[in-house]
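One structure is given here, and the rest of the page talks about it.
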2 protein chains.
Amino acid sequence: MPLPASFPELASLDLFVSVVELGSVSRAAAAHGVSQPSASSRIKHLERQLGMRLLDRGPSGSLPTDAGVVVAGWAETILRAAHELEAGLSAFQAAQAGRLRIVASFTIAEYLLPQWLDRFSRDHPRDSIALEVANSTTVIDRLRHGAADLGFIETPSELDGLDEAIVGNDELVTVVATGHPWATPRTVPVEALAATPLVMREAGSGTRAALAAALRDLGLGEPSAVLELGSTSAVRAAVVHGNSPTVISRLAVAAEVAAGQLVEVDVPGLSVARQLRAVWPAGTALPSLARELLDDIR
Amino acid sequence: MPLPASFPELASLDLFVSVVELGSVSRAAAAHGVSQPSASSRIKHLERQLGMRLLDRGPSGSLPTDAGVVVAGWAETILRAAHELEAGLSAFQAAQAGRLRIVASFTIAEYLLPQWLDRFSRDHPRDSIALEVANSTTVIDRLRHGAADLGFIETPSELDGLDEAIVGNDELVTVVATGHPWATPRTVPVEALAATPLVMREAGSGTRAALAAALRDLGLGEPSAVLELGSTSAVRAAVVHGNSPTVISRLAVAAEVAAGQLVEVDVPGLSVARQLRAVWPAGTALPSLARELLDDIR
DNA sequence: ATCGCGCCATAGGATGCTTCTATGCCTCTC
DNA sequence: GAGAGGCATAGAAGCATCCTATGGCGCGAT
């Protein structure tokens with residue numbers, strides 16, 4: 001479901017929030033590095049777009065109207081998310097220049113790292129982090145070869161020569177759209193799950209392999225696919241708008257479940273859990289920046 | 001702290017996420033109501049802006065690269081927040097046309113309602129909600145006069161002729177920036193708080209009055225202001241970037257506390273709590289849409 | 001093997017928008 | 001009464017985006 005074409009620009013919301021925080025259009029304009037008339041015009045455009053007055057302009061600055069207070073509050077939520085994206089992007093782009101080199105698995109990089117990076121970049125504005133995203137094997141390899149300072153993985157494998165700390169946990173869960181028959185009892189026998197065609201990633205994906213292994217351990221057959229898609233996002237979208245269940249990392253659907261778009265279905269007997277860990281070379285002293293990052297995370 | 005000027009457009013991120021979910025640029029273009037070349041060009045622009053390839057184009061569609069998977073995941077967080085803002089805005093604009101008329105206090109409208117409205121608008125795409133924001137007295141007035149179907153308030157007062165349900169709770173808390181002396185012990189005696197100049201809203205604000213009353217009940221004097229600002233956002237920004245504490249609604253700083261920008265300080269003996277309630281005219285049947293909204297909230 | 005379809009990229013032109021500098025008016029303060 | 005800070009307007013320049021039309025490419029069906 002795309003955003004409407006008339007949705008306000010992120011830059012305009014950012015500017016408006018700055019006006020509210022700083023108390024004047026001029027100061028906000030300066031903070032954003034644009035001229036005062038440009039800022040004034042952007043705000044006016046925003047007001048026309050929303051069809052409401054947002055500011056009470058006065059000779060000593062501008063205060064938000066009642067509507068402005070509310071809209072500014074709403075806008076801040078978006079801006080917070082935008083700053084997390086920004087923190088993730090700069091780490092991702094700084095591939096080799098950063099002072100602290102992190103390698104993380106996809107799941108952790110997608111759903112947990114932005115908040116950590118955003119906080120860290122505020123506390124350490126002068127220290128850049130370089131982020132690489134890779135599978136667990138590569139993460140361990142990077143650490144062993146000194147190509148990274150700190151890694152994040154979600155496998156339970158043995159890690160000779162690496163120290164570790166648990167930073168969270170993940171689990172494969174069964175989810176359906178809100179209208180699905182399983183959504184009402186919120187539980188389904190594992191045999192029924194195994195017999196139902198699922199929306200899945202293509203063969204070869206780690207999630208799919210983990211599910212197949214768990215069903216095999218229970219003496220059940222290979223799960224069948226009603227639809228095979230190339231990315232987790234595509235799977236999620238297909239489940240939200242379709243009639244088939246999927247089995248997927250809880251972190252990947254936590255937001256949709258919280259928002260009521262998807263329903264998590266209990267499947268007694270089926271359990272595919274894994275801990276999320278930070279890992280680093282044993283023996284060597286953990287860089288102080290890495291230590292601080294880990295402290296922030298806990 | 002403004003977003004960098006090079007930050008990607010919300011519309012581009014939205015489009016890119018649609019490509020990942022739908023599996024092709026063409027389909028995403030159609031879903032967004034733009035031409036295929038336009039979409040193609042936007043994605044290319046986004047890739048140049050971020051300095052990374054996001055899509056693997058093939059003759060049967062496009063799949064995200066490793067980087068694309070991660071960026072799409074990050075972008076979805078922003079888009080979710082944007083949809084909540086959108087849901088709030090349409091309710092706010094629909095001032096009198098909606099089928100369900102809601103009146104809410106500022107705190108609830110700012111920090112809780114967008115999620116509820118977003119979920120509701122997905123479940124009931126044909127039913128519009130009209131939202132009015134007002135103080136508690138006005139909320140009650142609107143309900144008594146039949147000008148609204150459902151209200152949300154945060155006062156503990158008696159409500160003759162109205163039914164109610166508790167939907168959450170709020171509390172005034174003391175917060176400081178992370179570098180402040182109080183941040184380390186995370187606690188401070190109430191006498192010290194009363195003796196310290198605070199960042200505050202201007203005289204007349206409800207928050208300020210509640211704090212003054214609580215201190216008076218403890219036999220302490222009026223709190224003094226080191227800085228008086230006209231909006232909660234301005235107060236929050238001043239505390240984050242300054243050296244003075246403030247006393248403020250927990251909901252208003254929950255996100256900053258979670259992100260580590262502000263630290264909540266315990267003040268033994270000081271307690272200013274209030275329940276958040278939904279209220280509606282007693283006796284009359286609650287409209288079915290209102291009933292469903294309340295069920296969703298719980 | 002070939003035809004057809006779906007997908008993506010490029011080119012060219014028109015439209016629209018945002019930006020900037022310069023200026024004026026207003027109010028509060030000293 | 002003068003000065004400073006704040007916001008709005010005007011006009012022009014620059015930039016970006018959009019669209020239509022077209023071409024190339026690979027896959028699948030006949």
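Numbers restart at 1 for each chain; the letters A, B, ... are given by sequence-line order, proteins then strands. Fair warning: this is a prediction, and the values are worked out from it, not measured in the lab. What's counted below: heavy atoms across the whole structure, side chains too, no hydrogens, waters or symmetry copies.
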task: Could you go through the ring pair (Phe, Tyr, Trp, His ring centres under 6.0 Å) check for B:Phe92 and A:Trp74 one step at a time?
output: CA-CA 12 Å; B:Phe92 212 36; A:Trp74 294 344; 5.7 Å; yes

message: Between A:Gly61 and A:Lys44, which residue's closest nucleotide on DNA chain D lies nearer the 5′ terminus?
response: A:Gly61

query: Which one, D:dT17, D:dC7, C:dT21, comes nearest to the side chain of B:His45?
result: D:dT17

statement: Note: for A:Ser60 and B:Glu9 on DNA chain D, the residue whose nearest nucleotide lies more 5' is A:Ser60

query: Rounding to a whole Å, what distance do you find between A:His32:NE2 and C:dT19:C1'?
result: 16 Å

field: Listed nucleotide nearest any side-chain atom of B:Arg57, set D:dT9, D:dC7, C:dC8
entry: C:dC8

field: Under-4.0 Å side-chain N/O to phosphate OP1/OP2 contact, A:Ser35 with C:dT19
entry: no

- request: Round to the nearest Å and state the distance from B:Asp56 atom CG to C:dA9 atom C1'.
  value: 16 Å

- prompt: Atom CD of A:Gln36 to atom P of D:dA4: distance rounded to whole Å?
  reply: 17 Å

- prompt: Rounded to the nearest Å, what distance is computed from the CG atom of residue B:Leu46 to the C1' atom of nucleotide C:dA9?
  reply: 17 Å

- line: Rounded to whole Å, the CZ-P distance (B:Arg53 to C:dC8) equals 14 Å

- prompt: B:Arg27 side chain: which of C:dC7, D:dT20, D:dC7 is closest?
  reply: C:dC7

- prompt: Reckon B:Ser62 touches a base, only the sugar-phosphate, or nothing at all at heavy-atom distances under 4.0 Å?
  reply: sugar-phosphate

task: Looking only at side-chain atoms of B:Arg42, point me to the closest of C:dC7, C:dC20, D:dT17.
output: D:dT17

- line: Quick note, B:Val25 side chain, CB onward, closest among D:dC19, C:dC8, C:dT18 is C:dC8

- request: Name the closest nucleotide to the B:Pro59 side chain, picking from D:dA8, D:dG6, D:dC27.
  value: D:dC27

message: Need one value for B:Ser38: base, sugar-phosphate or nothing, where a base atom within 4.0 Å counts as base even if backbone is also close, heavy atoms only.
response: sugar-phosphate

query: At under 4.0 Å between heavy atoms, what does B:Ser26 touch on the DNA or RNA strands: base, sugar-phosphate, or nothing?
result: sugar-phosphate

query: Tell me: CG of A:Leu63 to C1' of D:dC7, nearest whole Å?
result: 14 Å

- request: Measure the spacing between CZ of B:Arg48 and CZ of B:Arg53 and express it to the nearest 0.5 Å.
  value: 14.5 Å

query: B:Ser24 or A:Ala39: which one's nearest nucleotide on DNA chain C is closer to the 5' end?
result: B:Ser24

query: With side chains defined as the heavy atoms from C-beta onward, is the minimum distance between B:Leu215 and B:Leu211 less than 4.5 Å?
result: yes

field: Point-to-point distance, once rounded to the nearest 0.5 Å, from CG of B:Leu3 to CG of A:Leu13
entry: 10.5 Å

field: Side-chain touch B:Leu55/B:Leu63, heavy atoms, less than 4.5 angstrom
entry: no

field: Between C:dC7 (P) and B:Ile43 (CD1): distance, integer Å
entry: 15 Å

statement: note: B:Leu54, atom CG; C:dC8, atom P; distance rounded to Å ~ 14 Å

- request: Please examine the side chains of B:His45 and B:Arg42, heavy atoms only from C-beta on, and report whether any two atoms are closer than 4.5 Å.
  value: no

